[in-house]
Amino acid sequence: MTTDEKHIEAQQEAKLFFSRFLLEWYHLQKRDLPWRRHRNPYYIWISEIMLQQTRVDTVIPYFNRFIEQFPTVEALADAPEEEVLKCWEGLGYYSRARNLQHAAKQVKELYGGLVPDDRDAVFGLKGVGPYTAGAILSIAFNRPEPAVDGNVMRVLSRYFLIEDDIAKGPTRVKMEKLAAELIPEGEAGSFNQALMELGALICTPKSPRCLPCPVMEHCAARLAGCEASLPVKTKAKPPRPEERMAALVEGRGEHAGRVLIRQRPTSGLLARMWELPHWPAPPAEAGGARGALLPEAAALDRLRRSMSQAGIHARPEGHWMAAEHTFSHIVWTLQVYRCREEAALPLAAESRAVYGAAQAERADGALGAQPAEDAPLALFDSGDAAADAADSGAQRWINREDMKNYAFPNVFLKLLNSYFDEQGT
DNA sequence: AAGTCGGGGAG
DNA sequence: CTCCCAGACTT
């Protein structure tokens, strides 16, 4: 027997060992999760969409609420979109919710409300990519399809000592071929879940717990002592910072006790979510620390003109608090100002009556180069042009009770709750 | 292939 | 702080 043949034979033995002992471990150690209590393809599907880039512990309460509110494919397909989005509030990646409902309509209309069990049909559902298709087919229907996510690539890269960059596309394809070879006959669902369970509980990104690992004995990375340096993955670009000014506008008269919110555009960042209105803050002065506040009077003036341009008649009264919101690719620093609604006077009259003093102050200093009164705000790169151009979006006056009817990103949820706590309402 | 899409938990 | 998570979609 040649050296190559011996190597291939050893590889084959390592694969059989891996599949057998991993599956055995899973049957003893698997967690009791809500979507594992039935084999309802709809439940499996919902859970897999929620679990994209999201931890199990985060998903559990969302999953339970979701299937209570939308128990069947048809219930989801027929629900108002706002209800679906509200049920997703705080979970992130909100296009998942919209795609999911779109796919529910697909299933209702094309497949009679039954989640399809063939590869092309599942892959054709909105929001279902290579991983999720494999997960649905294997877990719900026990079809021998690989389901390769971040956990699986980490486990396989270590066990087989694969040094390919898992951030690259072709690596996932390679892993899928390998994962498919490992599936034991008739055990696709359990095996794929076992692979992910090992990644979640034992073969973790940092300091893997090798001693209790059921396949440590033949783990190539462990044997080579390099398990901590795998998988190889190019690191992501850091998010770009964005300074923004937000308005917490307190209503008067018929709006007393309520604050103004607006809806974001139908596409892009936080699509269709509700928020406090906010605008780009002018770039910090040269030499000024990033995140530094503008001089108070200049900030209030800038905010007043932004609101006016958006058709919001309100007077900024002062800085309330700062808030940060981190996305994958952006970090917002929001300076929130408390404002009071005003009667809708003609703009020129309003400006002279209320802002004469502030303008006099501005004239002698920092913002001397500002555009003339009533001129459009200077455009500068805000990184959120869609939202800034969509000031025409819907607006509402709400109190705390009304919050249950609108879906907010977490940062605005926290700001609104802080405000209503402060007001004691 | 690279950028766009949230939010939070672990270390 | 950094990393990354049961990824998909767009360009």
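Chain letters run A, B, ... following the sequence lines, proteins first and then strands; every chain starts at 1.
For A:Thr326 against B:dG8, no side-chain N or O and base N or O form a donor-acceptor pair under 3.5 Å. Judged by atom type and distance alone, A:Ser328 reaches the base of B:dG6 through a side-chain donor-acceptor pair under 3.5 Å.
Across all strands shown, A:Arg31 has heavy atoms under 4.0 Å from base atoms, whether or not it also approaches the sugar-phosphate. At the heavy-atom level, A:Gly199 lies nowhere under 4.0 Å from the strands shown. Contact annotation for A:Pro231: no contact, since no heavy-atom pair falls under 4.0 Å across all strands. Nucleic acid contact class of A:Ser47 (heavy atoms, under 4.0 Å, all strands): none. Contact annotation for A:Ser95: no contact, since no heavy-atom pair falls under 4.0 Å across all strands. Nucleic acid contact class of A:Arg172 (heavy atoms, under 4.0 Å, all strands): none. Residue contacts shown for A:Val128 are limited to sugar-phosphate atoms, with no base heavy atom under 4.0 Å away. Counting any heavy atom pair closer than 4.0 Å across all strands shown, A:Ile49 reaches no nucleic acid atom.
Put simply, OH on A:Tyr93 is 10 Å from P on B:dC5, counting in whole angstrom units. Here the P atom of nucleotide B:dG6 and the CG atom of A:Leu51 are 18 Å apart, to the nearest Å. Whole-Å rounding puts the A:Arg209 CZ to B:dA10 P distance at 11 Å. Rounding to whole angstrom units, CZ of residue A:Arg240 and P of B:dC5 are separated by 8 Å. Between the P atom of C:dA8 and the CD atom of A:Glu176 lies a distance of 10 Å, rounded to the nearest Å. Atom CG in A:Asp165 sits roughly 11 Å away from atom P in B:dA1 (whole-Å rounding). Per the geometry, CZ belonging to A:Arg55 stands 5 Å off C1' belonging to C:dC5, to the nearest Å. In this structure, CZ of A:Arg96 is placed 9 Å from P of B:dG6, rounded to the nearest angstrom.
Side-chain proximity of A:Arg154 to B:dG6, C:dA6, C:dC5: nearest is C:dC5. In this structure, of C:dC5, B:dG8, B:dG7, it is C:dC5 that holds the atom nearest to the side chain of A:Lys233. Here C:dT10 is the nucleotide among C:dT10, B:dG7, B:dG11 with the atom lying nearest to any side-chain atom of A:Lys126.
Nearer the 5' end of DNA chain B, as judged by each residue's closest nucleotide, is the contact made by A:His325, out of A:Ser207 and A:His325. Comparing A:Thr58 and A:Leu91 by the nucleotide of DNA chain B that holds the closest heavy atom to each, the one mapping nearer the 5' end is A:Leu91. Mapping A:Lys235 and A:Pro130 onto DNA chain C by nearest heavy atom places A:Lys235 at the nucleotide closer to the 5' end.
Here A:Gln53 reaches the OP1 or OP2 of C:dG7: one of its side-chain N or O atoms lies under 4.0 Å away. One finds a side-chain N or O of A:His329 lying less than 4.0 angstrom from the OP1 or OP2 phosphate oxygen of B:dC5. For B:dG3, the OP1/OP2 oxygens have a side-chain nitrogen or oxygen of A:Lys237 closer than 4.0 Å. Between A:Thr54 and B:dG7 there is no side-chain polar atom (N or O) within less than 4.0 angstrom of OP1 or OP2. Dashed line: the shortest gap from a side-chain N or O of A:Asn410 to OP1 or OP2 of B:dG6 is not under 4.0 Å.
Using modelled atom types and a 3.5 Å distance limit, the side chains of A:Glu48 and A:Tyr131 yield a donor-acceptor pair. Defined by atom type and a distance below 3.5 Å, a donor-acceptor pair is missing between the side-chain atoms of A:Glu163 and A:Ser157.
Taking the six-membered ring where the residue is Trp, A:His325 and A:Phe327 present perpendicular rings, their angle passing 60° and hence far from 30°. Between A:His255 and A:Trp397, the angle of the ring planes stays under 30°, which puts this pair in the parallel group of the 30/60° scheme.
Using C1' as the reference atom, B:dC5 and C:dC4 are 16 Å apart when rounded to the nearest Å. The separation of B:dG6 from C:dT11, taken at their P atoms, amounts to 16 Å, rounded to a whole angstrom. Atom name C1', nucleotides B:dG3 and C:dA6: the rounded distance is 23 Å, in whole Å.
Cation-pi geometry between A:Arg65 and A:Tyr62 is met: under 6.0 angstrom from the ring centre, within 45 degrees of the axis.
Within the 4.5 Å cutoff, the side chain of A:Glu324 has no heavy atoms near those of the A:Leu334 side chain.
A side chain to side chain contact (heavy atoms under 4.5 Å, CB included) with A:Met273 holds for exactly one of A:Tyr94, A:Phe408, A:Phe412, A:Trp88; it is A:Tyr94.
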